[in-house]
Peer 1: 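Mind looking over this structure? Questions follow.
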Protein chains: 2
Amino acid sequence: MGKQKRPPRLNDVAARAGVSTATVSRFFNNPEMVAPATAERIREAVAATSYIPNLVAGGLASNRTKLVAALVPEIAQSIFNDTIQAMIDELSDDGYTVMLGLTGYGDDRMLKLIDAAIGRRSDAIILTGLLTNPDVRNRLRAQPVTVIETWGLPPDPIDIAVGFSHRAVGEAIAQYVHRRGFKRPFLLTVEGTRAQMRHAGFIEAWRKAGHGKPTEERIPVPMHFSQGRDAFRRSRSLAKRPDVIVCGSDLLAQAVIIEAQAAGCRVPDELAVIGFGNVELSAEMRPSITTVSIDGARIGRMAVSVLRRRAAGEALESHNFDVGFTLIPRESA
Amino acid sequence: MGKQKRPPRLNDVAARAGVSTATVSRFFNNPEMVAPATAERIREAVAATSYIPNLVAGGLASNRTKLVAALVPEIAQSIFNDTIQAMIDELSDDGYTVMLGLTGYGDDRMLKLIDAAIGRRSDAIILTGLLTNPDVRNRLRAQPVTVIETWGLPPDPIDIAVGFSHRAVGEAIAQYVHRRGFKRPFLLTVEGTRAQMRHAGFIEAWRKAGHGKPTEERIPVPMHFSQGRDAFRRSRSLAKRPDVIVCGSDLLAQAVIIEAQAAGCRVPDELAVIGFGNVELSAEMRPSITTVSIDGARIGRMAVSVLRRRAAGEALESHNFDVGFTLIPRESA
DNA sequence: CTGAAAGCGCTTACAG
DNA sequence: CTGAAAGCGCTTACAG
């Protein structure tokens with residue numbers, strides 16, 4: 001590799017087809033503009049030369065790159081995977097290329113990736129994680145690029161947001177726990193702004209339902225299975241032994257259940273468990289896990305549909321799109 | 001967004017710093033070539049204008065895009081995630097942008113993505129899934145791009161391969177099963193060329209150890225948890241009730257174990273289980289799962305290191321890099 | 001429906 | 001260490 005003869009250019013195709021480069025360019029980008037007979041000659045020339053358009057040159061000339069940057073914290077068992085998958089599926093169908101950037105959970109990586117996305121003149125930047133840094137938010141606002149924040153509904157969106165209210169999720173869980181008659185919830189809250197919002201929603205609704213302050217614990221990110229296991233063990237030595245553990249993620253809920261079962265503690269009879277995220281395994285576990293489902297694929301599709309409307313020059317009636325969520329009662333609580 | 005004043009160009013920075021565009025270009029790409037005082041003036045001009053280099057124009061002019069295309073089948077609980085993560089981490093440090101393409105398990109998506117990767121003049125294409133189509137393999141060979149196939153060691157690599165022998169994995173599992181004294185293995189083989197190679201390796205080594213043909217079942221991709229559960233149930237009504245189920249993936253192993261436990265069948269006492277992949281959960285399950293570990297992160301890092309050597313113009317002593325694998329005995333078998 | 005030509009924003013020999 | 005200028009491979013008004 002690396003030492004082949006130079007790849008064919010538009011030039012070569014045009015010469016072979018006996019037309020100008022402009023016509024070949026139109027053949028690729030506005031096929032309806034070229035006469036059928038001409039198109040046929042070009043098609044042959046393309047095949048004969050194995051020509052693949054240079055999108056770098058094309059992007060520079062046209063000022064449209066058909067490149068979308070998707071910036072996500074991580075992909076290993078990420079809750080965002082359905083969104084990413086759906087987004088990439090849809091965008092690929094539209095001829096877009098997706099540049100996936102992994103931001104981790106700090107700001108600096110995110111900054112470098114945003115610069116890379118802008119530097120490559122992406123048509124759009126889609127974020128799944130939360131971008132808190134106000135300078136960067138403003139910097140993005142100053143850029144001629146569509147920015148879509150997903151999985152949340154920030155009060156001051158950079159541009160467009162597609163997500164749901166994390167506070168409402170917390171409230172819904174608290175109401176469910178209350179309705180089911182549990183008295184001593186133990187909250188396993190994951191670090192991070194959004195998890196905190198769910199937590200705050202829970203606390204508020206729980207109080208409103210007439211209860212006192214629940215016991216709780218903070219889990220650092222990235223989460224690990226062992227943290228759920230350890231949390232279960234600690235929960236057994238709490239003064240107020242919990243009757244339900246409200247987990248910040250399905251992974252933690254799985255860990256709690258597996259550890260409980262290994263310890264001979266019956267779920268949900270002796271201890272109920274609630275998760276968040278509705279990963280595939282949660283429906284399959286024994287017992288199956290009561291959790292909150294977010295339609296991640298829908299978020300992805302909606303983000304792309306907004307993008308399409310933007311690309312078509314359409315004005316948007318709103319910049320905040322709420323996809324909602326569903327609490328799914330199952331066996332574990 | 002989309003209606004801001006035009007972004008600053010190299011031009012604007014150069015004017016402001018009182019130098020030529022060539023010097024500003026060097027400031028970014030060969031900083032050691034510009035005098036400290038000049039560099040300082042440029043630094044200020046860049047800050048003042050919030051200039052972000054246009055990598056599209058740069059790529060066209062320099063014929064180096066610093067773009068790497070990583071083509072993977074999927075990301076939802078993919079066995080390749082560690083490789084992808086490590087690769088992106090390393091490449092980001094080198095200033096590369098990674099375009100992640102999701103190929104699915106068919107050929108046409110892969111073809112489109114390869115064209116996109118070539119069209120954008122990627123410096124390299126990294127594949128984790130298997131590309132079988134010989135036409136496409138040859139087409140890639142004809143392209144001035146570094147191609148790295150990972151997670152396998154094809155007999156006819158397109159360019160460079162970093163992986164391990166799937167056949168050897170199958171053999172190692174068969175030898176382990178034999179050594180542990182199991183007599184009636186039940187193979188849950190996943191569809192796909194590589195899984196078939198592991199399967200073939202098992203069969204051969206199992207025969208060599210003096211055994212007959214094991215019972216088996218084929219699991220279609222994409223895998224689902226329920227397939228493992230169903231397989232367990234069917235295994236209980238087999239004439240030759242298996243003493244160990246050899247699963248094509250840890251996910252299937254988890255499903256078998258969870259279903260076995262729910263059915264009151266003790267693992268490993270009544271039924272042993274072996275997985276493949278060593279996902280995080282496998283060490284954490286009760287019982288923990290005996291499985292084969294592939295150092296996916298190492299594959300990613302090695303792919304990048306090969307890429308670096310290629311980029312540095314170094315000649316490679318070999319085009320096949322074997323990272324091996326490790327069978328990890330745990331509680332389940 | 002098609003072509004000649006300018007231009008997209010950089011990089012890089014070449015000369016000094 | 002720096003600059004003038006050609007060129008990277010396309011797209012797209014403009015004219016016909």
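Naming: A, B, ... by sequence-line order, numbering from 1 per chain.
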Peer 1: If the condition is side chain to side chain donor-acceptor pair (under 3.5 Å), which residues does B:Thr128 pass it with, not counting sequence neighbours?
Peer 2: none
Peer 1: Looking at A:Asp82 and A:Arg301, is any side-chain nitrogen of the basic one under 4.0 Å from a carboxylate oxygen of the acidic one?
Peer 2: no
Peer 1: Taking only Lys NZ, Arg NE, NH1 and NH2, and the carboxylate oxygens of Asp or Glu, determine whether B:Arg41 and B:Glu44 approach each other closer than 4.0 Å.
Peer 2: no
Peer 1: Do any side-chain atoms of residues 312-321 of chain B form donor-acceptor pairs under 3.5 angstrom with protein atoms, and if so which ones, sequence neighbours left out?
Peer 2:
unit_1   : atom_1 : unit_2   : atom_2 : d
B:Glu314 : OE2    : B:Arg309 : NE     : 3.0
B:Glu314 : OE2    : B:Arg309 : NH2    : 3.4
B:Glu317 : OE1    : B:Arg309 : NH2    : 2.8
B:Ser318 : OG     : B:Asn320 : N      : 3.0
B:Ser318 : OG     : B:Asn320 : O      : 3.1
B:His319 : ND1    : B:Asp159 : O      : 2.8

Peer 1: With sequence neighbours excluded, tell me which residues meet side chain to side chain donor-acceptor pair (under 3.5 Å) with B:Arg298.
Peer 2: none
Peer 1: In B/S/- notation, 5' to 3', how is nucleotides 9-16 of chain D contacted by protein heavy atoms closer than 4.0 Å?
Peer 2: BBBBB---
Peer 1: Which value, in whole Å, describes the distance between the C1' atoms of nucleotides C:dG16 and C:dT12?
Peer 2: 16 Å
Peer 1: Sequence neighbours excluded, which residues qualify as ring-ring contact (aromatic ring centres under 6.0 Å, His included) partners of A:Phe164?
Peer 2: A:Trp151, A:His166
Peer 1: In dot-bracket form, 5' to 3', how is DNA chain C paired? Count Watson-Crick and G-U wobble pairs only if both distances fall under 3.5 Å, and write | where the partner sits on another strand.
Peer 2: |||.||||||||.|||
Peer 1: Is a salt bridge present between A:Asp115 and A:Arg139, judged by a nitrogen-to-oxygen distance below 4.0 Å?
Peer 2: yes
Peer 1: Using a strict cut-off of less than 4.0 Å between a Lys/Arg side-chain nitrogen and an Asp/Glu carboxylate oxygen, indicate whether B:Arg141 and B:Asp156 qualify as a salt bridge.
Peer 2: yes
